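Chain A is the first sequence line, chain B the second, and so forth, proteins listed ahead of strands; every chain is numbered from 1. The model shown is predicted, which means the values in this text are computed figures rather than measured ones.
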Number of protein chains: 2
Amino acid sequence: MTETFGIGELAREFGVTARTIRFYEDLGLLTPLREGQKRVYRGRDRVRLKLILRGKRLGFSLAETREMIELYDAPAGEVGQLRLFRDKIAAKRAELDGKRRDIEAALADLDRAEERCRARLGELEDRPATGAGAEAPGLGG
Amino acid sequence: MTETFGIGELAREFGVTARTIRFYEDLGLLTPLREGQKRVYRGRDRVRLKLILRGKRLGFSLAETREMIELYDAPAGEVGQLRLFRDKIAAKRAELDGKRRDIEAALADLDRAEERCRARLGELEDRPATGAGAEAPGLGG
DNA sequence: CAAAGCCTTTACGTTTACGTAAACGCGAGA
DNA sequence: TCTCGCGTTTACGTAAACGTAAAGGCTTTG
């Protein structure tokens, strides 16, 4: 437990540069400890970095991702705060649901494209003369 | 059929500026007709714009989105081309699947956060004294 | 006929998210 | 002692995706 990491270590693990990790710190997204001058990251920071990169993959800006991370580690404040919080969570979820629908649609489009592609390939492999130029017909797997 | 649109019309419909639409044209993503100097967009461009914006919501760069759109309207070339094409489609699908998994994970995280939030709210509404400051206890719906 | 709207092109500005280089510290090892 | 290797700060550079003016054209409505 209480495992720690160097900046290069994290950079290698997640396929980013140290510059990137320092940049996230500048934005307040990561808060490593220090051993002398050197940054020391703990599991918490590693998790956060993972969340940041996930947010990026989903097209969120770093600001948006920060908001989302803040939603993850809830504050346990007073009732008003908690309600606001719950509403924010609901909003983000709606956004994520939208993205999911977008993904389904994109996947469906790709499926159609692939189907057309596959059908056309079937035609060409059956009778290589039809349509375009010929190739090695049916020898491969 | 053959309905056409002005640039402002499309801009309003999709919540972007005309500048944005012209920018996409600069990148070769849209290819409107012209009536004199004015751009005239047809259904095809409207669909493309929709696809571009979907790509953006999913965190794809405009370059990536262009590639994806090119996959949608298949070329029907020769066998080699088609196979390359099919592979590209598979790759994009893998990427989209990854994003979907990211979304599921993010939604799961949000669910956990919401559950904690809800539980805490339940506590506070049952016995408002526990933990933090009080509010109007149980009058609302 | 003048102002209001919608469109045009050209061009510089801005934000986000880093890249890249310079110059330095510091411990390990040949 | 020198030089890797890893880390540091400071600072300017950059690509992507537009924003935002400036200056003008066409048309239609009062």
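No side-chain heavy atom of A:Lys50 sits under 4.5 Å from any side-chain heavy atom of A:Val47. Considering only heavy atoms from C-beta on, A:Thr20 comes within 4.5 Å of A:Thr17 through its side chain.
The interatomic distance linking B:Ile7 (CD1) with D:dC26 (P) rounds to 18 Å, in whole Å.
Shown here for B:Gly6 and B:Tyr41, the closest heavy-atom pair between the two residues is C-CD1, 4.2 Å. For A:Ile21 against A:Ile7, the heavy-atom pair with the smallest separation is CD1-O, 3.7 Å. Across every non-hydrogen atom of A:Asp45 and A:Thr31, the tightest pair is OD1-N, 3.3 Å.
Within residues 41-70 of chain B, no residue has any heavy atom closer than 4.0 Å to DNA chain C. Contacts with DNA chain C (heavy atom under 4.0 Å) in residues 8-29 of chain B: B:Gly8, B:Arg19, B:Arg22, listed by number.
Chain A approaches DNA chain C over the interval C:dA17 to C:dT20, counting the first and last nucleotide 5' to 3' with an atom under 4.0 Å from its heavy atoms.
Each of A:Leu71 and B:Leu121 belongs to its own hydrophobic cluster when Ile, Leu, Val, Met, Phe, Trp and Tyr are linked at side-chain heavy-atom distances under 4.5 angstrom.
Using a 4.0 Å cut-off between a side-chain N of Lys or Arg and a carboxylate O of Asp or Glu, B:Lys99 and B:Glu64 do not qualify as a salt bridge. Using a 4.0 Å cut-off between charged side-chain N and carboxylate O, B:Glu25 and B:Arg22 make no salt bridge.
Where the helix from C:dC1-D:dG30 to C:dA30-D:dT1 starts and where it ends, the local axes point in directions that differ by 20°; five pairs per end, rounded to 10°.
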*Might you work through the salt bridge (Lys or Arg N to Asp or Glu O under 4.0 Å) test for B:Glu123 and B:Arg120, ending with a clear yes or no?*
CA-CA 5 Å; B:Glu123 284 180 29; B:Arg120 183 71 183 134; 2.8 Å; yes
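Applying the side-chain hydrogen bond (donor to acceptor under 3.5 Å, both in side chains) test to residues at least two apart or on different chains, the pairs with a partner in residues 65-75 of chain A are A:Arg54-A:Tyr72.
Taking Ile, Leu, Val, Met, Phe, Trp and Tyr as hydrophobic and joining them when side-chain heavy atoms fall under 4.5 Å apart, one finds A:Val40 in a cluster with A:Leu33.
Each of B:Arg42, B:Arg46, B:Glu9 was compared with B:Thr4 under the side chain to side chain contact (heavy atoms under 4.5 Å, CB included) criterion, and only B:Arg42 meets it.
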